Amino acid sequence: MIASPVKPLFVFIFTFSLLLAVILLSPSPNYLQIPVPSGSSVGSDIWSVKRIVEWRPCKWWLQGHLTPLPAKTNGYIRVDCYGGLNQMRRDLCDGVGIARLLNATLVLPKFEVAAYWNESSGFADVFDVDYFIQKMSGFIEVVKELPKDIASKEPFKVDCSKRKGQFDYIESVLPSLLEHHYISFTPATSQRRDRYPQYAKATLCQACYSALRLTSSLEKKAIELLDAIPKPFVSLHLRFEPDMVAYSQCEYPNLSPSSIAAIEAARVDRKPWTGELAQIWRKRGKCPLTPNETALMLQSLNIPTSTNIYLAAGDGLMEMEGFTSVYTNVFTKSVLLNQEDFTRMHGNTKAALDYHVSINSDAYVATYFGNMDKIVAAMRAYKQMHNTLFLSRKAFAELTSQGLEGEELKKALWEVHKNDFAISRGFALPDCFCEFEL
């Protein structure tokens, strides 16, 4: 008589325990779910590491009240942008903030033709002009055409490149603007942003992260490329081109003869460091990772070799066999896109496609910290996509110089990158983003 209620109680406890186990062992939907290989020394991939800090757009920018534009402009400014797409985008962002700082009207920027980048496309060939003007409304006035009295004139060019130390635009550029009424410049790399009033900072942030949208035709091509990549996938920005290696002044003794010849042809007068100086340079993180080193580092992060990887890179990558022999599911735009379309594309178009794919990928990994990496990481933070990681060249050089190799090296690399990912190191620059503790 007493035993009858025990059986239902046992069934309830057993069922509840089973349900609890299922919930606890189920993978979190917030991470890129890729199976971890058996025998893993760590037990989970890098994306499963709990973050303690995130970068998010600052509230003073997104939710702040706009400072009214001045009733009278101090003149017109055209920002002249040089280099590859991401370098030009960086210059544009800075230039828009400077124009607001100087209470100027912004003329559509000029993307300079750069033979080195095999480039001929301008701002309007890459970005939606009307969308840019609309999104900047209230932050700064942007015009497609100049007033008739100055439309036929070339702007007075202000040279910011040869200035030493921290560059101050109010002291150095505003007098030229007031005198000539129409000027152009390329922003200096050293700027006094600490002197920017908040409305100028907000204008820079708006231009860089909210107002730049690809043209409809380019966006259509980018979506086509994104759809063609098997999901889920990691976008990998790998840099190991001859000019990149030559510029770094690093030496790589174990490369193929063809790679060594290509690097030597690109060196010109930039001779590699040798001896103790070469070791110091490498330990400072100045040497690009080879594809083979990149594959080893991804393995140390427990990113399975079966992972779908989109290679966000330019033409001319060397030593790729060292990577594709380990990670076999590698996809490139040259294979995924129509060949006739691809051969007609300029450098800016290709870079724009890589950018679009990278800000929408399940995860982004960079082997360098260049202009593209900074803007992609920031845009991913803006979109609250936090599976972003920069591989540490400095840590790799330091650990290998200590003689670490094999599993011991992988474990040490895991610890370094686990900590970097947890604190979101490098995810965004502090000009427009603020840290939030989780």
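These numbers were taken from a predicted model, which means no experiment stands behind them. The chain is numbered in sequence order, starting from 1.
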Does the side chain of [Y] come within less than 4.5 Å of [X]'s, by heavy atoms?
X: Leu337; Y: Glu224; value: yes
X: Val330; Y: Leu236; value: no
X: Leu225; Y: His356; value: no
X: Asn360; Y: Lys383; value: yes
X: Lys144; Y: Asp130; value: yes
X: Ile263; Y: Met318; value: yes
X: Asp362; Y: Asn387; value: no
X: Phe342; Y: Thr332; value: no

Please check this pair: side chain of [X] against backbone of [Y], looking for a donor-acceptor N/O pair closer than 3.5 Å.
X: Trp47; Y: Ile303; result: no
X: Gln249; Y: Ala246; result: no
X: Ser137; Y: Gln134; result: no
X: Arg282; Y: Glu251; result: yes
X: Asn308; Y: Asn329; result: no
X: Asp94; Y: Asp91; result: no
X: Gln206; Y: Ala211; result: no
X: Thr73; Y: Thr105; result: yes
X: Arg100; Y: Phe139; result: yes
X: Asp45; Y: Ser48; result: yes

Working to the nearest 0.5 angstrom, can you tell me the gap between [X] [atom1] and [Y] [atom2]?
X: Leu296; Y: Thr400; atom1: CG; atom2: OG1; value: 10.0 Å
X: Leu298; Y: Glu293; atom1: CG; atom2: CD; value: 12.0 Å
X: Ser248; Y: Trp273; atom1: OG; atom2: CH2; value: 11.5 Å
X: Leu317; Y: Ser259; atom1: CG; atom2: OG; value: 10.5 Å
X: Leu413; Y: Leu404; atom1: CG; atom2: CG; value: 8.5 Å
X: Ser401; Y: Ile280; atom1: OG; atom2: CD1; value: 11.5 Å

- request: Could you tell me which residues satisfy side chain to side chain donor-acceptor pair (under 3.5 Å) with Arg284, sequence neighbours excluded, listed by chain and number?
  value: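 For Arg284 there are no side chain to side chain donor-acceptor pair (under 3.5 Å) partners, ignoring immediate neighbours.
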message: Can you list everything that forms a side chain to side chain donor-acceptor pair (under 3.5 Å) with Glu435? Sequence neighbours excluded, please.
response: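 None.
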field: Audit row: Cys93, Cys208, disulfide bond (SG atoms under 2.5 Å apart) steps and yes/no
entry: CA-CA 5 Å; Cys93 296; Cys208 215; 2.2 Å; yes
message: Does this structure show an ion pair linking Arg78 with Asp80, if we count only N-O contacts that are shorter than 4.0 Å?
response: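 Yes.
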- request: Decide yes or no on side chain to side chain contact (heavy atoms under 4.5 Å, CB included) for Leu92 and Leu212, but give the supporting numbers first.
  value: CA-CA 10 Å; Leu92 170 61; Leu212 291 176; 3.9 Å; yes
task: Evaluate the side chain to side chain contact (heavy atoms under 4.5 Å, CB included) criterion for residues Lys350 and Asp315: first the C-alpha distance (whole Å), next the side-chain angles of each, then the deciding distance (0.1 Å), finally the verdict.
output: CA-CA 10 Å; Lys350 294 177 182 178; Asp315 303 325; 3.3 Å; yes
Other residues, nucleotides and ligands only: do more than 12 of their heavy atoms fall within 6.0 Å of [atom1] on [X]?
X: Lys394; atom1: NZ; value: no
X: Arg425; atom1: CZ; value: no
X: Glu437; atom1: CD; value: no
X: Lys231; atom1: NZ; value: yes
X: Gln384; atom1: CD; value: yes

message: By the definition ring-ring contact (aromatic ring centres under 6.0 Å, His included), identify the one residue from Trp61, Phe433, Phe427 that meets it with Tyr382.
response: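 For Tyr382, the ring-ring contact (aromatic ring centres under 6.0 Å, His included) test succeeds with only one of Trp61, Phe433, Phe427, which is Trp61.
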task: For the pair Phe123 and Phe111, name the ring-plane relationship: parallel under 30°, tilted 30 to 60°, perpendicular over 60°.
output: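 It falls in the perpendicular class, over 60°.
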For [X] and [Y], which heavy atoms make the closest approach, and how far apart are they?
X: Pro147; Y: Tyr76; result: CG-OH, 3.2 Å
X: Leu204; Y: Cys432; result: CD2-SG, 3.9 Å
X: Gly95; Y: Pro187; result: N-CG, 3.8 Å
X: Ser176; Y: Phe156; result: OG-CE2, 4.0 Å
X: Cys205; Y: Trp60; result: SG-CH2, 4.1 Å
X: Gly84; Y: Asn348; result: C-OD1, 4.0 Å

- request: Hey, could you give me each pair passing disulfide bond (SG atoms under 2.5 Å apart) that has a residue in residues 283-374? Not counting sequence neighbours.
  value: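 Residue pairs passing disulfide bond (SG atoms under 2.5 Å apart), neighbours aside: Cys250-Cys287.
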Check against side chain to side chain contact (heavy atoms under 4.5 Å, CB included), Gln299 and Thr305: CA-CA 7 Å; Gln299 285 180 291; Thr305 55; 4.0 Å; yes
query: Are the aromatic ring centres of Phe185 and Tyr169 under 6.0 angstrom apart?
result: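 Yes, the ring centres sit under 6.0 Å apart.
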field: Test of ring centre spacing under 6.0 Å for Phe233 and Phe331
entry: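 When the ring centroids of Phe233 and Phe331 are compared, they turn out to be at least 6.0 Å apart.
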field: Set of ring-ring contact (aromatic ring centres under 6.0 Å, His included) partners for Phe323, sequence neighbours left out
entry: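 For Phe323 the ring-ring contact (aromatic ring centres under 6.0 Å, His included) partners, ignoring immediate neighbours, are Tyr327.
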task: Could you go through the side chain to side chain contact (heavy atoms under 4.5 Å, CB included) check for Thr349 and Leu218 one step at a time?
output: CA-CA 8 Å; Thr349 303; Leu218 194 50; 3.4 Å; yes
field: Within residues 329-348 or reaching into it, pairs that qualify as salt bridge (Lys or Arg N to Asp or Glu O under 4.0 Å) - sequence neighbours excluded
entry: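 Every pair satisfying salt bridge (Lys or Arg N to Asp or Glu O under 4.0 Å) with a residue in residues 329-348: Lys221-Asp341, Lys333-Asp354, Glu340-Arg344, Asp341-Arg344.
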query: Is the NZ or CZ atom of Arg89 both under 6.0 Å from the centre of the six-membered ring of Tyr355 and within 45° of that ring's axis?
result: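 Judged by the rule (NZ or CZ under 6.0 Å from the ring centre, within 45° of its axis), Arg89 counts as positioned above Tyr355.
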- prompt: Is a side-chain donor-acceptor pair under 3.5 Å present for Glu319 with Ser256?
  reply: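 The criterion, which ignores hydrogens and geometry beyond distance, is satisfied for Glu319 and Ser256.
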- request: Report yes if the SG atoms of Cys434 and Cys58 are separated by under 2.5 Å, and no otherwise.
  value: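 With an SG-SG separation under 2.5 Å, Cys434 and Cys58 do form a disulfide.
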- prompt: side-chain hydrogen bond (donor to acceptor under 3.5 Å, both in side chains): which pairs involve residues 366-381, sequence neighbours left out?
  reply: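 Non-adjacent pairs meeting side-chain hydrogen bond (donor to acceptor under 3.5 Å, both in side chains): Arg90-Asn371, His237-Asp373, Ser361-Arg380, Tyr364-Asp373, Arg380-Thr388.
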